[in-house]
2 protein chains.
Amino acid sequence: MAKRQVTLDEVAERAGVSRSAASRAINNAPNVSRVKREAVQRAVEALGYVPNATARALATQQVGSVVLAISGEDPALLADPFFAEVVVGISSVLEETDLELVLSLATSERGQARLAQRLRTRQADGVMLMSLRENDPLAALAHQADVPVVFGGRPLGFEPSYYVDADNRCGGRAATEHLVATGRTRIATITGRLDEGAGTARYQGFQDALAVAGLDASRIVQGDFAEDGGAQAMGELLARWPDLDGVFVASDQMAIGALRVLREAGRSVPDDVAVVGFNDISAARHTVPPLTTVHQPIQALGREMARMLLAVLAGEQPSPLILPTRLVVRASS
Amino acid sequence: MAKRQVTLDEVAERAGVSRSAASRAINNAPNVSRVKREAVQRAVEALGYVPNATARALATQQVGSVVLAISGEDPALLADPFFAEVVVGISSVLEETDLELVLSLATSERGQARLAQRLRTRQADGVMLMSLRENDPLAALAHQADVPVVFGGRPLGFEPSYYVDADNRCGGRAATEHLVATGRTRIATITGRLDEGAGTARYQGFQDALAVAGLDASRIVQGDFAEDGGAQAMGELLARWPDLDGVFVASDQMAIGALRVLREAGRSVPDDVAVVGFNDISAARHTVPPLTTVHQPIQALGREMARMLLAVLAGEQPSPLILPTRLVVRASS
DNA sequence: GTGAAAGCGCTAACAA
DNA sequence: TTGTTAGCGCTTTCAC
């Protein structure tokens with residue numbers, strides 16, 4: 001540990017050139033002669049020189065990292081397969097660049113404060129913000145941020161310049177239409193959090209479809225996207241509308257909880273009650289019965305967020321992106 | 001964007017003190033008079049000063065971040081619920097500190113190279129390394145690393161100073177003993193990757209138990225910890241030893257795949273074949289039938305890794321940690 | 001094509 | 001308790 005760092009000066013000396021020449025050679029700037037470039041090359045190898053990123057960052061005013069901030073009070077949020085997939089997408093893009101990914105769970109007060117500071121002091125070159133709540137303090141931060149911000153999902157209450165979202169409304173509609181098309185008439189929904197864009201959009205899709213079909217859209221219980229919440233919501237639904245024959249659940253995680261409750265209540269799926277989820281997480285294929293759900297390209301969401309941020313960083317002005325969703329019919333409906 | 005940064009000098013000037021005084025006040029060093037401290041305080045507020053972390057890092061030679069590196073060729077690794085939980089544990093600890101978490105998926109050549117560089121140039125204050133393979137290039141890096149390294153799971157081939165692991169061998173043994181105790185006699189196993197510590201340890205536990213019971217331990221197929229691998233391995237197992245009546249599967253993910261194959265093969269679980277998994281991921285409760293499995297405290301694993309790293313960073317020499325595992329009996333056995 | 005010199009913003013040793 | 005003075009290691013004008 002704590003070996004002394006080999007500095008650029010040492011390389012320069014060894015190569016018998018000036019420090020600036022060495023610097024140019026290393027960052028392969030154009031104005032360096034062949035011989036010097038090669039001399040520097042050799043010196044670098046010989047000395048095992050590796051540039052100090054911090055110093056470089058200080059000099060260039062570029063940090064070399066971007067942060068992914070996830071809002072929400074529960075640190076376990078990240079364990080949600082949805083976010084995990086998003087992270088995979090993001091890091092697959094970032095791996096091709098020299099940027100690194102800083103994970104910022106802005107759950108505690110402290111976490112929020114830290115994030116705020118980072119955003120204001122350009123301690124990151126860019127920020128990706130996910131799953132903002134309505135009136136989320138992070139939104140304010142984003143506005144005064146010193147660095148580009150890309151949103152994952154459209155936040156409620158304002159339209160950011162850069163975001164990538166899935167077509168949640170359309171997906172919710174497709175899911176519900178499917179229930180209608182398969183003959184269900186007493187259709188309920190377990191919504192996601194209605195203070196998040198994805199939650200409201202999916203719910204709107206639900207309303208859209210039932211309005212067109214002329215069906216009653218009042219069977220609704222609000223959930224929270226998580227499994228236990230889904231179970232609880234299903235219980236409530238069953239208690240209030242025991243005659244329901246179809247339910248659109250705004251996330252697969254909740255749908256898994258709902259399936260459990262339905263089973264415990266002795267309702268057969270899909271015979272008594274058809275269930276359609278949302279997200280198409282990998283677990284959806286293995287529920288019993290396998291879950292009909294709305295597929296959204298989660299990894300792609302992450303990838304596109306990262307790409308968009310890169311584009312902004314490169315001085316471009318990419319336009320917002322809406323990724324398509326599509327219904328995947330399995331046995332639960 | 002790109003507001004000019006307020007510097008310490010400006011604060012000092014505004015407060016009417018020297019820069020060093022300002023610096024001391026801000027880092028609340030002892031030797032500053034009350035009045036100056038407060039003057040600086042006010043100036044900071046008035047100017048909206050926020051220290052520049054990069055400059056500080058350069059001066060103090062402390063970066064303020066730690067990296068979690070996950071080895072493996074598949075970027076989707078992170079979507080594994082196991083890793084996701086570990087990350088949750090880590091970040092819950094880090095959130096209490098001023099360190100941030102850099103996620104480094106060392107999957108591509110490039111990723112590895114970058115990580116190597118970071119490790120060698122002290123671009124992070126510490127490193128957590130997970131799921132190293134035998135002869136993993138990362139291990140070499142870890143040795144020449146300039147910064148403290150904490151391992152998640154014991155790597156094969158050497159004993160690092162700092163690691164936290166789960167008691168995999170004991171867990172594998174408990175799982176297998178349970179199969180024995182419930183009367184199974186033709187017991188097979190789907191191992192994890194045998195070039196990873198966790199994989200071999202669980203397999204050893206399997207062997208231990210069967211040796212004690214005097215049963216045949218030759219029914220083994222190697223898996224890879226992932227669901228599809230588990231399905232495939234189960235197929236192979238069934239083909240080679242159609243008479244098996246119990247199987248210890250070294251990860252829940254693989255067990256989920258195995259359950260599917262058993263169902264498709266018309267074997268009833270647990271009547272024809274008892275299945276025991278490992279990890280106790282949340283999905284294990286919802287398989288059909290619910291999965292008997294070996295619980296390990298995954299979030300705690302992450303937490304302890306982070307704590308251990310903090311301890312090392314604080315100059316302590318924490319001893320390695322082995323977290324307990326325990327059998328959770330559900331309906332699949 | 002090359003080198004000298006002036007920073008980037010902060011900390012820390014030293015002298016006062 | 002205070003201020004002065006060097007750095008930390010790199011980039012980048014600006015003359016040559």
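Each chain gets a letter, A, B and so on, in the order its sequence line appears, and its residues count up from 1. Quantities reported herein were computed from a predicted structural model and do not represent experimental measurements. Worth knowing before you read on, the calculation uses all heavy atoms, side chains too, and leaves out hydrogens, waters and symmetry mates.
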Start and end of chain B contact along DNA chain D [non-hydrogen atoms, under 4.0 Å]: D:dT1 to D:dG9
Positions of residues 40-53 of chain A (non-hydrogen atom under 4.0 Å from DNA chain D), listed by number: A:Tyr49, A:Pro51, A:Asn52
Counterpart residues, salt bridge (Lys or Arg N to Asp or Glu O under 4.0 Å), relative to B:Arg303 (two or more places apart): none
Salt bridge (Lys or Arg N to Asp or Glu O under 4.0 Å) against A:Glu96, all qualifying residues, sequence neighbours excluded: none
Pairs flagged by side-chain hydrogen bond (donor to acceptor under 3.5 Å, both in side chains) wherever residues 36-48 of chain B is involved - sequence neighbours left out: B:Arg34-B:Glu38
Rounded distance (Å) that lies between atom C1' of C:dG9 and atom CG of B:Asp9: 8 Å
B:Gln61 side-chain N/O to C:dC10 phosphate OP1/OP2 under 4.0 Å: no
Set of residues satisfying salt bridge (Lys or Arg N to Asp or Glu O under 4.0 Å) with respect to B:Arg19, sequence neighbours excluded: B:Asp9
Could you go through residues 149-162 of chain A and list every donor-acceptor pair under 3.5 Å that involves a side-chain atom there, pairing it with any protein atom two or more places apart or in another chain?
unit_1: A:Arg154; atom_1: NE; unit_2: A:Asp165; atom_2: OD2; d: 3.1
unit_1: A:Arg154; atom_1: NH2; unit_2: A:Asp165; atom_2: OD2; d: 3.1
unit_1: A:Glu159; atom_1: OE2; unit_2: A:Tyr163; atom_2: OH; d: 3.1

Listed once per pair and sorted, the side-chain hydrogen bond (donor to acceptor under 3.5 Å, both in side chains) pairs that draw on residues 78-91 of chain B, sequence neighbours left out: B:Asp80-B:Gln253, B:Glu85-B:Gln299
side-chain hydrogen bond (donor to acceptor under 3.5 Å, both in side chains) involving B:Asp98 - partner list, sequence neighbours excluded: A:Arg110
Near-strand residues of residues 14-30 of chain B, defined as heavy-atom separation under 4.0 angstrom from DNA chain C: B:Arg19, B:Ser20, B:Ser23, B:Arg24, B:Asn27
Pairing residues for B:Glu304 by the salt bridge (Lys or Arg N to Asp or Glu O under 4.0 Å) criterion, not counting sequence neighbours: B:Arg307
Could you tabulate the donor-acceptor pairs under 3.5 Å formed by side-chain atoms of residues 20-32 of chain A, not counting sequence neighbours?
unit_1: A:Ser20; atom_1: OG; unit_2: A:Ser18; atom_2: OG; d: 3.3
unit_1: A:Asn27; atom_1: OD1; unit_2: A:Arg56; atom_2: NH2; d: 3.3
unit_1: A:Asn27; atom_1: ND2; unit_2: A:Ser23; atom_2: O; d: 3.0

